[in-house]
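Just so we're on the same page: letters track the sequence lines, and every chain starts at 1.
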There are 2 protein chains.
Amino acid sequence: MNDVGMGENLLFLTDEQLRQGIEAMFFAYRGFTADPDRILAGMAYGRAHHRAIHFINRALGTTVNNLLILLGVTKQSLNRVLRTLIEDGLVESRVGVTDKRERNLYLTEAGEALERQLSDAQRARMRAAYRAAGPQAVAGFRQVLEAMMDPEMRRKHHALREAGQ
Amino acid sequence: MNDVGMGENLLFLTDEQLRQGIEAMFFAYRGFTADPDRILAGMAYGRAHHRAIHFINRALGTTVNNLLILLGVTKQSLNRVLRTLIEDGLVESRVGVTDKRERNLYLTEAGEALERQLSDAQRARMRAAYRAAGPQAVAGFRQVLEAMMDPEMRRKHHALREAGQ
DNA sequence: CTTGGAAAGTCAACAAGACTGACATAAGCT
DNA sequence: AGCTTATGTCAGTCTTGTTGACTTTCCAAG
């Protein structure tokens, strides 16, 4: 590869390019959460409830401990959210079969309905973005996101992927 | 394009693929903010201060009103952050020249130093991710993020890009 | 040229959601 | 029996968002 070619390919690593990527990430994340946030604003729930519902749906029967690692919050913080979801009949907490200390979490029918409502809105935006950018761009998008995660979270993410498929 | 080809190219729009993208976005954003958050944890500042400093640096002399649109918060919310930054001598607020209602915001030397410290950490992760994924993936990454933003934010983002280059 | 409304910024009070620390209970393990 | 683990809870704090009320400044219609 000659110098010009090198220059072309390293342009994406200049400070200015990196700053633009940082800003793009910030603005895109705002868009990413905007639709579910709007839906939840009417109810007594917030983004924290959305995240809990999302991951309970994805990792059916997950334990509280596993969920709080996924979400990256303390048990006290998760507990507040989880308690209201259980009280409101959106989430069911069953005592563990093999280990009775554990609680396995499931969405009730009402919980699944809300999950679907939130998920539909978020997926719609994601779908539009994917469609606008095209398959090759999406592959690149996913590659960069993977590389940006902490290694531990990358493992968690891969585990969810395998379970979901 | 035959049916098989169609199937291949539309695979990235299945619900499962979209859900994986949503999760990837969530986990990656955590990584994205982790390093600056760690730095700020020691000081009396948080993520809100980081964002304000970032955009004041990028849009030198910006008004409070412009900044709060960029950040997507209310002026009251921004004001608290801004006040501490000004009190601590990281940001300078100058009364507008043409319109005395406005305040033009600038980083002081100390402000620039902190900006550099935070920015270096965040760019290092971004650079590692970009390098790992390669130029083509980065182009795709940027395309999808652009498409995911609200149109108004996309315009703001483009304006910053032009000013920064 | 005055006056009324709009715009920019500030102050105060409140809410959501994160945190730490301490403690209780139940269950599993050595 | 005693230690550890998983979960839940209470209390208090912090950050960061919100709304409402207010001041200062600007602009434009009468």
Do any N or O atoms of the protein come closer than 3.5 Å to N or O atoms of nucleotides 8-11 of chain D, and which pairs are they?
unit_1	atom_1	unit_2	atom_2	d
D:dG8	N7	A:K75	NZ	3.3
D:dG8	O6	A:K75	NZ	2.3
D:dT9	OP2	A:N79	OD1	3.1

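Of all heavy-atom pairs spanning B:A52 and B:L67, the tightest one is O-CD1, 4.5 Å.
Taking atom CD of residue B:E87 and atom P of nucleotide C:dT10, one finds them 11 Å apart after rounding to whole Å. The distance between atom CG of A:L40 and atom P of D:dG17, rounded to the nearest whole Å, is 18 Å. The CZ-P distance, from B:R80 to C:dC11, rounds to 12 Å in whole Å. For A:E102 and C:dT25, the CD to C1' distance is 16 Å, given to the nearest whole Å. With rounding to whole Å, B:N65 atom CG is found 12 Å from C:dA6 atom C1'. If you take NE2 of B:H50 and P of D:dT16, they are 12 Å apart, rounded to a whole angstrom. Straight-line distance from the CZ atom of B:R38 to the C1' atom of C:dA18: 17 Å, rounded to whole Å. Between A:L71 atom CG and C:dC19 atom P there is a gap of 10 Å when expressed in whole angstrom units.
Closest contact between the side chain of A:R101 and the listed nucleotides D:dT4, C:dA18, D:dT16 involves D:dT4.
OP1 or OP2 of D:dT15 has not a single side-chain nitrogen or oxygen of B:H49 nearer than 4.0 Å. Put simply, B:R51 has a side-chain N or O that comes within less than 4.0 Å of OP1 or OP2 on D:dG17. One finds a side-chain N or O of B:T74 lying less than 4.0 angstrom from the OP1 or OP2 phosphate oxygen of D:dT18.
Salt-bridge check for B:E115 with A:R19: passed, with a basic side-chain N closer than 4.0 Å to an acidic carboxylate O. The pair A:R125-B:D150 meets the salt-bridge criterion, since a charged nitrogen lies less than 4.0 angstrom from a carboxylate oxygen. The residues B:E92 and B:R94 are annotated as salt-bridged, a charged nitrogen and a carboxylate oxygen being separated by less than 4.0 angstrom. By the 4.0 Å N-to-carboxylate-O rule, B:R58 lies close enough to A:E16 to be salt-bridged with it.
Here B:R47 lies in heavy-atom contact (under 4.0 Å) with sugar-phosphate atoms only. Among the protein residues, A:T98 comes within range of the sugar-phosphate backbone only, with heavy atoms under 4.0 Å from sugar or phosphate atoms but none that close to a base.
Each of B:K100 and B:G46 was assigned the nucleotide of DNA chain D with the nearest heavy atom; the assignment lying further toward the 5' end belongs to B:G46. Comparing A:V97 and A:A48, the nucleotide of DNA chain C nearest to each residue sits closer to the 5' end for A:A48.
Both tests do not hold together for A:R51 against B:F26: distance to the six-membered ring centre under 6.0 Å, angle to the ring axis within 45°.
Open room surrounds CD on B:E109; 12 or fewer heavy atoms of other groups in view lie less than 6.0 Å from it.
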